[in-house]
Number of protein chains: 2
Amino acid sequence: MNEQEFLAAYDPGAYPSVAVTVDVVALTIRDGVLHLLLIRRGEQPYAGRWALPGGFVRPDEDLSAAARRELAEETGLDGEPLRRVHVEQLASYGAPDRDPRMRVVSVAHLAFAPDLPDATAGTDAAEATWVPVTELDNRQLAFDHGQIVTDGLERARSKLEYTPLATRFLAPEFTIAELRAVYETVWGDQLHAGNFHRKVLSVPGFVESTGASTERGGSRGGPRSRLYRAGDARLLHPALLRPAREEAVR
Amino acid sequence: MNEQEFLAAYDPGAYPSVAVTVDVVALTIRDGVLHLLLIRRGEQPYAGRWALPGGFVRPDEDLSAAARRELAEETGLDGEPLRRVHVEQLASYGAPDRDPRMRVVSVAHLAFAPDLPDATAGTDAAEATWVPVTELDNRQLAFDHGQIVTDGLERARSKLEYTPLATRFLAPEFTIAELRAVYETVWGDQLHAGNFHRKVLSVPGFVESTGASTERGGSRGGPRSRLYRAGDARLLHPALLRPAREEAVR
DNA sequence: CGGAGAACATCTCAAGCTGAGAAGAACCTA
DNA sequence: TAGGTTCTTCTCAGCTTGAGATGTTCTCCG
């Protein structure tokens, strides 16, 4: 039997069937607070509970395309603004009992978005909103989405260390102070302004100067700041390390 | 309709069916050379080609359990030796056309194993062998396994930087020189012996002394070396960074 | 049996980087 | 205009890094 004959005779039903979904941990920063996109489920199971945006992967759709589509559906985003959102694969979650309906393997994705307009409820969702991550403790998310969010946040914090993805939370042109605010928001730590400034400018390809400055100083005073745009580095070398966290090591 | 009624009426066939497999990038070091476990496929498609060990996830099986099972089947490993193998999720691969038979999403895993006995051919496989990664360029792997291996190797190299996983390539007790050999093998770079020694001992929880020394010196001379075992750190802080690779940054 | 060569473990030193503080100037609000 | 805030740059001590050297222990081979 050659390959063509084999494929013609092949019966897909012979293998155990599993549903594959994508879920998206979409992060943005609004008013200096890290927000996560959540959907209030309109259907069983977990009707009324908050959950990550996501859904079934379509037959001819790539995993990352499915993640972008779900994100677009829930946020109403399209075109250039959607292109500016960074989406990467996070991990897959496939415990046999994670969905009471049937065996579902979810390929979770992580998205970094600049400050976005209010979310638009999609087809499957009763409601879609940006929720501050500090308020997540109170909400019991559906399925294993609590774990997925925890993993996504840790990944996001870690990615800021060695990639320039912090710029993805900002407009195309930004100041060093705005960039520092992203790090402080995601890491939940105050950083030394002077040292941060020195470090950012010393990492090759992290940011490049536009030559311009802001029109006005900060709202509470201070001089105008210079504007930068993202450079061409894909990795920060050397990295910007988080303040040491003893407890995380052991 | 409450949740119970909903589940009773639920029809799993209503959703697009996808097969979910696991594939394993299993690495070990034999005679100072990094080896990858490969299977020669006995069936269509890609019959006769080399491929990663892997297979369908069973209905009640966790993803990581499936990866360990596939690894056990192909290596003949069991019990304590199998427990000593580190297995972690790598990424999922789900391009619509990656398998000509049907839509298959593969959850790839990465395994670090101490020097293992020769592989035993499993049920699906015509042949299973450890192949030096330097010889991979010549072989056209089945499916998208070439890409998976590339991603796995990069992940392995990177993981050595900030986790103590290098110890997983070694016996429970090892010398600093053996540990250094792991880094040199995986990174493909010579390291400064003195500096490596200083660094390893200075990272809290990386290794702990057993008090003992080797029975003999090295095969080509030199004093006996002290023996260490893995410490309790899960992250190396500060990390052991690879020699800078300019080209990797942009 | 003895010398050559190899490797372990430690030390030295210059260069670079980091964290902490400070200072000058620009700018906002009141 | 005064006071407070922020941007940006500078200083400096302490630490880490990379490179080389040293003394010692051991194996191999003649």
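Reminder, nothing fancy here: chain letters follow the sequence lines and each chain counts from 1. For the numbers below, each heavy atom of this structure counts, side chains included, while hydrogens, waters and symmetry mates do not.
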### Query
If only side-chain N and O atoms of A/R220 are considered, is one of them under 4.0 Å from the OP1 or OP2 phosphate oxygen of C/dC28?
no
On DNA chain D, more 5' by nearest nucleotide between B/N195 and A/L227 is A/L227
By nearest-heavy-atom nucleotide on DNA chain D, the more 5' of B/H192 and A/P223 is A/P223
All heavy atoms of A/P53 vs all of A/L37, minimum pair found to be CD-O, 3.3 Å
_So B/R198, base contact, sugar-phosphate only, or nothing? Heavy-atom distance under 4.0 Å._
base
Practice task
Please state whether the phosphate of C/dC27, meaning OP1 or OP2, lies under 4.0 angstrom from any side-chain nitrogen or oxygen of A/R224.
Solution key: yes
B/H197 has its side chain closest, among C/dT10, C/dA6, C/dC27, to C/dT10
Contact class for A/G217 (heavy atom, under 4.0 Å): base, sugar-phosphate, or nothing? sugar-phosphate
Whether A/R226 contacts C/dA26 is assessed here as follows: a side-chain N or O lying under 4.0 Å from the phosphate OP1 or OP2. Is that the case?
no
Yes or no on salt bridge (charged side-chain N to carboxylate O under 4.0 Å, His left out) for B/E184 and B/R180, after CA distance, side-chain angles and deciding distance?
CA-CA 6 Å; B/E184 291 178 336; B/R180 175 163 47 84; 3.7 Å; yes
Would B/I148 and B/H145 satisfy side-chain contact (heavy atoms from CB on, under 4.5 Å), going step by step from the backbone distance to the final call?
CA-CA 5 Å; B/I148 298 178; B/H145 290 187; 3.9 Å; yes
Would you indicate what B/A177 reaches in the nucleic acid, counting non-hydrogen atoms under 4.0 angstrom: base, sugar-phosphate, or nothing? sugar-phosphate
Only residue of B/H197, B/R226, B/R198 satisfying side-chain contact (heavy atoms from CB on, under 4.5 Å) with B/I176 is B/H197
Could you tell me whether B/R216 contacts a base, only the sugar-phosphate backbone, or nothing, with contacts defined as non-hydrogen atoms closer than 4.0 Å?
-> sugar-phosphate
The answer to which of B/I176 and A/P238 contacts DNA chain C further toward the 5' end, by nearest nucleotide, is B/I176
Whole-Å distance, B/L241 CG to C/dT18 P, equals 11 Å
Query raised in the report: For B/K199 and D/dT17, is the shortest distance between a side-chain N/O and OP1 or OP2 below 4.0 Å?
Result: yes
Exercise for review: Would you classify A/S219 as touching base, sugar-phosphate or nothing, given that sugar-phosphate means primed atoms plus P, OP1 and OP2, and contacts are heavy atoms under 4.0 Å?
Suggested key: sugar-phosphate
**Message:** Could you check, using the six-membered ring where one of them is a Trp, whether B/Y228 and B/F174 have ring centers closer than 6.0 angstrom?
**Reply:** no
